[in-house]
Amino acid sequence: MMKMEDRYDFSKIEPKWQAWWEERDIYRTPDNHGRPKYYCLEMFPYPSGKLHMGHVRNYSIGDVVARFLTMNGYNVLHPMGWDAFGLPAENAAIKHGNMHPAVWTNDNISTMRSQLKQLGISYDWSREIATCHPGYYRWTQWLFLQLYKHGLAYKKKAAVNWCPSCATVLANEQVKEGVCERCKAGVEKRELEQWFFKITDYAERLLEDLKLLEGWPEKVKIMQENWIGRSEGAEIQFPVEGAGDTITVFTTRPDTVFGVTYMVLAPEHPLVEKLIEGRPEAEKIREFVKNVQSQSEVDRTSTGAEKVGLLTGAFCLNPLSGERVPILVANYVLMEYGTGCVMGVPAHDQRDFEFARKYGLPVRVVIQPGGPDLEPDAMIGAYTGEGVMINSGRFNGLPSREGIRAVTGYCEEKGWGRGVINYRLRDWLISRQRYWGAPIPMVYCDGCGIVPVPEQYLPVELPMNVEFKPTGRSPLAECPEFVNTPCPQCGGQGRRETDTMDTFMCSSFYYFRYTSPRNEERVWGEEEINRWLPVDQYIGGVEHAILHLLYSRFFTKFLYDIKLVPCEEPFTNLLTQGMVLKDGAKMSKSKGNVVSPEDIVATYGADTARLFILFAAPPERDLEWSDQGVEGCYRFLNRVWRLVAPMAGKLSPAPPPATEKLVGVDREMHRLTHATIKKVTGDVGGRFNFNTAVSAIMEMVNGLYQYREVPETDRDPAVLNEAVESLLLLLAPFAPHISEELWRGIGRSGSVHRQPWPQWKEGAVAEDEVEIVVQVNGKIKDRILVPAGISQEGMKDMVYSRSNVQRLVEGRRVVKVVAVPGKLVNIVVR
RNA sequence: GCGGGCGUGGCGGAACGGCAGACGCGCCGGACUUAGGAUCCGGUGGGUUCACCCCCGUGGAGGUUCAAGUCCUCUCGCCCGCACCA
């Protein structure tokens with residue numbers, strides 16, 4: 001039978017302290033202005049049902065950071081909320097018949113909130129927000145109006161990504177490999193009138209300021225850089241023969257313009273119809289265009305997709321060479337990028353080369369590399385490197401790098417073109433034809449056109465009595481009470497916009513709102529925003545590397561420009577945590593490898609769950625779940641329990657021992673205590689190596705077990721007191737409940753979480769002696785203990801005086817001696 | 001194809017260029033036990049011996065260095081992101 005004192009009863013201890021903390025409101029954000037601030041933020045969750053292990057990892061990491069900084073004297077803002085609008089709520093409502101998305105969402109929020117409380121995360125719940133509450137989305141709408149007011153929100157008809165399964169349009173960022181990121185259905189193109197945000201206006205700044213983000217992982221910065229996709233080049237106009245039209249083409253290689261042997265338009269290019277009109281090819285081309293457009297994005301853009309092109313029969317003129325080149329239409333040219341057409345330079349572009357070979361189009365070399373001459377007919381690939389311009393009229397002999405500028409300049413001079421910078425980034429499409437989102441605060445009036453809802457009428461509330469079925473039209477359109485409204489401008493009959501906003505909009509500014517979550521007058525208070533922003537540490541999954549983080553950066557820059565926030569970048573430091581895996585794969589219901597946090601907390605308690613997740617791997621790396629590893633952490637906490645709990649009443653507070661008076665085991669224990677403080681402080685405060693911090697605490701506990709074996713009369717009670725108090729303080733951020741229980745148990749006052757972090761004494765950590773290793777010709781021959789702080793010369797003397805060393809070196813010539821204090825001595829002999 | 005990351009025991013993972021494998025899991029042994037799948041203590045990379053010494057070991061091949069898991073060059077393998085972007 002297990003004895004009672006063998007195990008600690010987390011099921012009693014954890015709820016007890018959670019209630020105690022809540023009663024005393026100890027996690028409320030302090031108002032103390034005398035201390036430095038620290039804003040610690042974890043990505044708020046979508047209330048999908050219950051917490052999963054990824055959440056536990058995310059919030060455990062954040063909690064250690066928040067608690068550590070609090071104990072280190074910072075005013076910490078550590079809030080939590082809910083990214084509560086979104087499709088799953090609506091889909092659940094459809095599936096479960098009459099359950100309203102709001103009910104489903106609120107139920108999930110209650111469940112997940114109580115789970116977070118059971119984990120003992122130190123949130124200031126008085127600042128909780130949910131993006132689906134009118135008190136929040138009012139400000140989402142308000143922000144939309146600010147963007148509109150500043151010309152950054154506009155409506156246009158465009159070919160947009162349509163997910164037939166979600167029955168809504170999607171942002172470019174939400175489409176991966178031609179399929180909907182959420183439901184994996186193939187995405188179609190549709191022509192629709194939609195609202196966009198002009199994020200492209202900020203492309204340059206979003207790119208440029210990545211350099212400022214020293215506290216961000218390189219990986220995320222590179223992903224954003226690629227997404228923005230800046231490329232420098234020129235737009236050059238090719239007049240169409242006869243018709244008086246002009247084809248404007250974008251190229252990054254104006255230096256190869258003399259090598260153009262054909263021109264290709266995207267099937268959707270507006271000029272196509274005009275060019276082919278009345279020509280014999282017209283029918284065939286129309287059919288081809290229709291065909292390409294009916295193809296799904298996947299088929300059209302997949303790597304293996306064959307390049308197919310057709311001659312239109314029309315020609316255009318190369319303004320520089322005066323040459324006549326045929327115009328084609330081809331499936332590989334994308335209307336969305338550049339100007340929707342490509343100048344074909346087969347000699348110097350691999351894609352063009354393959355295309356030209358397939359259709360027998362001529363290849364003209366205009367860049368000569370340093371090596372052998374290129375023979376167009378013998379070429380097996382394009383030459384895409386640098387070289388010297390040839391066959392290029394007045395530019396012959398110019399290095400291609402200079403040629404780029406020279407040709408661009410010449411075109412500008414002649415009025416044939418201009419230098420431009422192109423971005424892959426497109427404007428952010430925010431309209432969604434779904435119910436469960438923030439309504440777009442716009443009214444259509446036959447007389448006045450598009451009229452914004454005046455700010456004092458916000459929020460435009462989402463009606464509750466609506467049929468939410470994915471019909472392809474917003475369910476709000478079926479709700480006359482919502483749609484019909486007087487025009488705010490003329491008072492006549494108006495119709496509300498019935499689309500709702502992309503939920504990424506709601507989550508792109510929530511971290512600002514946490515500073516004034518209950519302010520009903522303003523989006524946030526000036527004093528509060530200046531005090532807390534930017535976020536010092538942001539923690540979340542790398543899956544948000546582009547969407548959420550890019551949109552948030554965009555909003556921050558906009559809000560900075562209109563002087564509503566004090567910073568141009570929202571998140572100073574970013575930690576992207578790794579995934580939680582089981583059997584080498586991401587946990588998922590379909591794979592049946594899910595470990596539920598609920599079960600783990602019920603079996604082992606929150607402290608064990610947290611400790612395991614922090615101990616098993618460094619935070620950025622993927623973490624392999626191990627039931628036995630969890631067991632080990634539970635065992636460790638019990639070990640702490642058995643060590644400290646019996647000390648209740650026997651461990652009276654004592655002033656810290658004087659290092660220099662300590663000898664033997666007391667000195668060793670004292671050293672271990674301070675070495676552990678130093679290690680844990682560095683690992684948590686500096687590099688976020690929580691795993692090695694935990695292992696240092698484990699070592700300290702092992703040391704304490706040894707120390708305890710020494711008869712009480714032979715050790716200094718002040719050393720034990722110092723060790724135990726330090727241990728509980730160091731453990732507090734990782735395992736808050738057991739630390740609190742033991743802290744109070746040994747009779748200390750206040751909460752362990754409101755104590756100052758222990759400080760190490762350098763003198764206590766220093767070794768009395770250091771071991772130096774003697775190598776002869778690189779091989780270890782001897783080890784010698786020397787007093788700490790000895791000079792290099794003194795050390796050499798000590799090495800030479802060793803008979804062992806003398807024997808080794810005897811009769812040989814000493815070539816070199818290298819001595820590094822505290823490390824080793826190497827003697828090179830011949 | 002381009003960009004980024006990672007390769008260390010049976011496993012998760014430690015190692016300012018300085019005794020590779022901390023800590024934990026697993027395994028083996030001892031103690032305490034009627035018993036232990038509890039607890040405490042000890043051992044645990046491989047080889048040879050089976051006490052000691054010694055030799056080999058961080059995906060592979062070179063290089064720099066008194067000294068390389070760590071730095072440099074090449075190479076193999078895995079993971080992630082982007083990908084007809086003109």
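A, B, ... follow the sequence lines: proteins, then strands. Residue 1 opens every chain.
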Could you tell me how far [M] sits from [N] if I compare only their [atom1] atoms? Round to whole Å.
| N | M | atom1 | answer |
| --- | --- | --- | --- |
| B:G7 | B:G60 | C1' | 11 Å |
| B:C79 | B:C27 | C1' | 30 Å |
| B:G10 | B:C28 | C1' | 13 Å |
| B:G5 | B:G24 | P | 32 Å |
| B:C66 | B:G77 | C1' | 34 Å |
| B:G18 | B:U33 | P | 48 Å |
| B:G59 | B:G69 | C1' | 12 Å |
| B:G63 | B:A14 | C1' | 28 Å |

Contact class for [X] vs. all strands (heavy atom < 4.0 Å): base, sugar-phosphate, or nothing?
| X | result |
| --- | --- |
| A:Pro217 | nothing |
| A:Asp349 | nothing |
| A:Gly229 | nothing |
| A:Phe636 | nothing |
| A:Asp622 | sugar-phosphate |
| A:Thr251 | sugar-phosphate |
| A:Asp352 | nothing |
| A:Glu218 | nothing |
| A:Gln706 | sugar-phosphate |

Nucleotide nearest [X] (side chain, heavy atoms from C-beta), chosen from [options]:
| X | options | value |
| --- | --- | --- |
| A:Thr692 | B:C80, B:A22, B:C40 | B:A22 |
| A:Asn689 | B:G4, B:A38, B:A15 | B:A15 |
| A:Tyr705 | B:C41, B:A14, B:A86 | B:C41 |
| A:Gln628 | B:G26, B:A86, B:G24 | B:G26 |
| A:Arg635 | B:C25, B:A86, B:A15 | B:C25 |
| A:Val342 | B:A86, B:C80, B:G81 | B:A86 |
| A:Asn331 | B:G12, B:C84, B:A15 | B:C84 |
| A:Ile222 | B:A14, B:C84, B:G3 | B:G3 |
| A:Phe615 | B:A14, B:A86, B:C23 | B:C23 |
| A:Glu624 | B:U39, B:G12, B:A14 | B:G12 |

In this structure, how many angstroms lie between the [atom2] atom of [N] and the [atom1] atom of [X], rounded?
| X | N | atom1 | atom2 | value |
| --- | --- | --- | --- | --- |
| A:Met698 | B:G12 | CE | C1' | 12 Å |
| A:Leu547 | B:G81 | CG | P | 13 Å |
| A:Tyr634 | B:G24 | OH | C1' | 17 Å |
| A:Trp641 | B:C40 | CH2 | P | 16 Å |
| A:Lys582 | B:G12 | NZ | P | 15 Å |
| A:Ile613 | B:G12 | CD1 | P | 17 Å |
| A:Glu543 | B:C82 | CD | C1' | 17 Å |
| A:Tyr423 | B:C82 | OH | P | 21 Å |

Less than 4.0 angstrom between a side-chain N/O of [X] and OP1 or OP2 of [N], yes or no?
| X | N | result |
| --- | --- | --- |
| A:Arg642 | B:C40 | yes |
| A:Asn226 | B:G81 | no |
| A:Arg424 | B:A83 | yes |
| A:Arg639 | B:C40 | yes |
| A:Asn702 | B:G24 | yes |

Inset, instruction - State whether the number of non-hydrogen atoms from other residues, nucleotides or ligands found under 6.0 Å of A:Lys586 atom NZ is greater than 12. - result: no
Legend entry - Neighbour count above 12 (heavy atom, 6.0 Å) for A:Arg357 CZ: yes
Inset, instruction - Taking the side chain as every heavy atom from C-beta outward, state whether A:Tyr423 and A:Thr200 have any atom pair closer than 4.5 Å. - result: no
Inset, instruction - Both distances under 3.5 Å, Watson-Crick or G-U wobble: on that basis, could you give the dot-bracket string for RNA chain B, with [ ] for crossing pairs and | for other-strand partners? - result: (((((((..(((.....[....)))((((((.......))))))(((......)))..(((((..]....))))))))))))....
Inset, instruction - Indicate the ring-plane relationship of A:Phe355 and A:Tyr359, choosing parallel, tilted or perpendicular according to the 30° and 60° boundaries. - result: tilted
Inset, instruction - For A:Phe250 and for A:Arg708, locate the closest nucleotide of RNA chain B by heavy-atom distance; then report the residue assigned to the nucleotide nearer the 5' terminus. - result: A:Arg708
Inset, instruction - Select from A:Leu623 and A:Met579 the residue whose nearest nucleotide in RNA chain B is closer to the 5' end of that strand. - result: A:Leu623
Inset, instruction - Check RNA chain B against residues 673-687 of chain A and give the residues with a non-hydrogen atom under 4.0 Å, in numerical order. - result: A:Arg687
Inset, instruction - May I ask you to check whether A:Phe612 and A:Tyr604 place their ring centres under 6.0 Å from each other? - result: no
Between [X] and [Y] (salt bridge meaning N to carboxylate O under 4.0 Å), is one present in this structure?
| X | Y | result |
| --- | --- | --- |
| A:Glu620 | A:Lys219 | no |
| A:Lys678 | A:Glu762 | yes |
| A:Glu225 | A:Arg230 | no |

Legend entry - Glycosidic conformation of B:G57, taking syn as within 90° of 0 and anti otherwise: anti
Inset, instruction - Please say whether the positively charged group of A:Arg7, taken as NZ for Lys or CZ for Arg, lies over the ring of A:Trp641, i.e. under 6.0 angstrom from the six-membered ring centre and within 45 degrees of the axis. - result: no
Inset, instruction - Answer yes or no for A:Arg639 and A:Tyr705: cation-pi contact, defined as NZ/CZ to six-membered ring centre under 6.0 Å and angle to ring axis within 45°. - result: yes
